[in-house]
Amino acid sequence: MSEENKDEMEHHEGETTDSNSSEIDRPGRQFYIPSQIVDEFGEKGRDHLRQQFGSRFLLALTAGSFMTFGAIFSILLAEGVETQGVFYLLSGLGFAAGYAMVFISGAVLFTEINVLLPSYLFNKANLMKVNIYKFWASTYIGNIIGAFMVAFLIEVSGSLNAEFYTELSSYLDKKMKFMDHGAMGWFEVVVSGVLANWLIGMAAFLTTAARDITGKILGTTLPVILFVAGNFQHSAANMGYFSMGVLASDKYSWYEYILFNLIPASIGNLIGGGILVSLLFSYAYKDDIPTSLGKKKKRN
């Protein structure tokens, strides 16, 4: 083979190699980027609103039911554990099971709606639509009823042992300790509620980002462990604990649970999810979200 033919063949092989390297099939991302997540929040909020009332209320009942299951599992997993770090880890893992069931099943939870509906309001809708606020209220009521229904069934079943109720009592004491602080305690629950739903908003954020079931469960678990360990007041989670507490003990009355915890915690949850997650990310990524809040920049 002549030197000229060799050079030509090497040149051709080089072109082939370059062509092949430029066409390498690179794997796609295994998660959504933040602007896509915020846009997805708005879409989910819209989809919830478009459901028939009966379907939405049943999904709210289901979500409340999962909260009681999560509360029970958190107590059972950590029961008798004396090492504090392990106790918090197991307790958080237990409650994460309830949230995973909510997020993956599409059940309607008040504290998740605190992220999805504001994203829809900020990006896609009129803030004055009355049905949005009716939906918020019906979700809250549905969650409470669902949580109490499961608590009642568990009590009737007689499945839990005495040690469980001893542990439950200590959980309730931690959540109701703010009663001793008067008006400042009420404010502390509001702030604690902000922190709780900030974390649960990020659980929804990470869960939405993931494209497979493993990623969704992991994304749910990490923030839930943190809010449980921090004793941050999360109204939907507390519905599960308090439903069991009302039926199992007379140490606190139902109106004390509502007045000194659920109401201030819910206010904080609205702020934490709506402002620190939904509004914050909606504004930060407004130029990348194709909605009324932010238009995608035109490309030449």
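Owing to the predicted nature of the structure, the values given are computational and were not obtained by experimental measurement.
With no hydrogens or angles considered, a side-chain donor-acceptor pair links Asp173 and Tyr252 at under 3.5 Å.
We find the CD1-CH2 distance between Ile144 and Trp254 to be 10.5 Å, quoted to the nearest 0.5 Å. Taking CG from Asn238 and CZ from Phe232, the interatomic distance works out to 13.0 Å, rounded to the nearest 0.5 Å. Here the OH-OG distance, from Tyr257 to Ser243, works out to 9.5 Å after rounding to the nearest 0.5 Å. Asn261 contributes atom CG, which lies 11.5 Å from atom NZ of Lys177 (distance to the nearest 0.5 angstrom). Rounded to the nearest 0.5 angstrom, Lys44 NZ and Leu116 CG are separated by 6.5 Å. For the atom pair Asp288 CG and Ile33 CD1, the distance stands at 7.0 Å (nearest 0.5 Å).
With a 4.5 Å cut-off on side-chain heavy atoms, Phe242 and Lys175 count as touching. In this structure, the side chains of Val224 and Val228 come closer than 4.5 Å at one or more pairs of heavy atoms. Residues Thr208 and Gln36 fail the side-chain proximity criterion, which asks for heavy atoms closer than 4.5 Å. Within the 4.5 Å cutoff, side-chain heavy atoms of Met239 are placed close to those of Leu262.
Hydrophobic clustering (side-chain heavy atoms under 4.5 Å, transitive across Ile, Leu, Val, Met, Phe, Trp, Tyr) groups Met244 together with Ile258. Criterion: ILVMFWY side-chain heavy atoms under 4.5 Å apart, direct or through other members. Under it, Leu218 and Leu199 are not part of a common hydrophobic cluster. Using a 4.5 Å cut-off between side-chain heavy atoms of Ile, Leu, Val, Met, Phe, Trp and Tyr, with links allowed through other members, Met176 and Val246 fall into the same hydrophobic cluster. Transitive grouping of hydrophobic side chains (ILVMFWY, heavy atoms separated by less than 4.5 Å) keeps Leu58 and Val150 in distinct clusters. Criterion: ILVMFWY side-chain heavy atoms under 4.5 Å apart, direct or through other members. Under it, Tyr255 and Ile267 are part of a common hydrophobic cluster.
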Apply the test side-chain contact (heavy atoms from CB on, under 4.5 Å) to residues Phe135 and His48: give CA-CA distance (whole Å), side-chain angles for both, the deciding distance (0.1 Å), then the verdict.
CA-CA 9 Å; Phe135 177 41; His48 279 313; 3.7 Å; yes

Working note: Glu40 + Tyr32, criterion side-chain contact (heavy atoms from CB on, under 4.5 Å); need CA distance, chi angles, decisive distance, verdict.
CA-CA 10 Å; Glu40 185 71 14; Tyr32 288 123; 5.7 Å; no

Let me see the working for Leu280 and Tyr283 under side-chain contact (heavy atoms from CB on, under 4.5 Å), right down to the final yes or no.
CA-CA 5 Å; Leu280 187 151; Tyr283 185 79; over 6 Å; no

Using ring-ring contact (aromatic ring centres under 6.0 Å, His included), reason through Phe205 and Phe281 one step at a time and then give a plain yes or no.
CA-CA 10 Å; Phe205 199 90; Phe281 286 112; 4.7 Å; yes

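In this structure Ser55 satisfies the side-chain contact (heavy atoms from CB on, under 4.5 Å) test together with Gln52, sequence neighbours excluded. In this structure Ser192 satisfies the side chain to side chain donor-acceptor pair (under 3.5 Å) test with no other residue, sequence neighbours excluded. When the side chain to side chain donor-acceptor pair (under 3.5 Å) test is applied to Ser235, the partners found at least two apart in sequence or on another chain are Asn269. Remark: Met149 engages Leu61, Ile145 in a side-chain contact (heavy atoms from CB on, under 4.5 Å) (not counting sequence neighbours). In this structure Ser253 satisfies the side chain to side chain donor-acceptor pair (under 3.5 Å) test together with Glu256, sequence neighbours excluded. Not a single side-chain contact (heavy atoms from CB on, under 4.5 Å) links Asp47 to another residue, sequence neighbours left out.
Summarising the geometry of Phe164 relative to Leu160, their closest heavy-atom pair is CE2-CD1, 3.3 Å, with the distance given to 0.1 Å. For the residue pair Leu206 and Pro223, the shortest heavy atom distance occurs at CD1-CG, 4.0 Å. The nearest pair of heavy atoms linking Leu168 to Ala248 is CD2-CB, 4.3 Å. Summarising the geometry of Ala196 relative to Gln233, their closest heavy-atom pair is CB-O, 3.4 Å, with the distance given to 0.1 Å. Residues Ala209 and Ile37 come closest through the heavy atom pair CB-CD1, 3.4 Å. Scanning both residues, Ser282 and Val38, for their nearest heavy atoms gives OG-CG1, 3.5 Å.
Ring-plane geometry between Phe148 and Phe152 is classed as parallel, the angle between the planes falling under 30 degrees on a 0 to 90 degree scale with a further cut at 60.
Residue pairs satisfying the side-chain hydrogen bond (donor to acceptor under 3.5 Å, both in side chains) criterion with at least one member in residues 147-157, sequence neighbours excluded, are listed as follows: Glu155-Tyr165, Ser157-Ser159. The side-chain hydrogen bond (donor to acceptor under 3.5 Å, both in side chains) analysis of residues 212-230, with sequence neighbours excluded, yields the pairs Thr207-Thr220. Residue pairs meeting the side-chain hydrogen bond (donor to acceptor under 3.5 Å, both in side chains) criterion with at least one partner in residues 136-150, sequence neighbours excluded, are Asn114-Trp136, Tyr140-Ser266.
In this structure, Phe178 belongs to a hydrophobic cluster whose other members, linked by side-chain heavy atoms under 4.5 Å apart, are Val189.
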Side-chain donor-acceptor pairs of residues 72-83 under 3.5 Å, sequence neighbours excluded:
unit_1, atom_1, unit_2, atom_2, d
Ser74, OG, Ala71, O, 2.6
Ser74, OG, Tyr241, OH, 2.7

Contacts under 3.5 angstrom, residues 85-112 side chains, donor-acceptor by atom type, not counting sequence neighbours:
unit_1, atom_1, unit_2, atom_2, d
Tyr88, OH, Gln84, NE2, 3.2
Ser91, OG, Tyr171, OH, 2.9
Tyr99, OH, His234, ND1, 2.6
Tyr99, OH, His234, NE2, 3.2
Ser105, OG, Met101, O, 2.5
Ser105, OG, Val102, O, 3.4
Ser105, OG, Ala107, N, 3.3
Thr111, OG1, His234, NE2, 3.1

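Side chain of Ser169 to main chain of Thr166: no donor-acceptor pair is present (N/O by atom type, distance under 3.5 Å, no hydrogens or angles).
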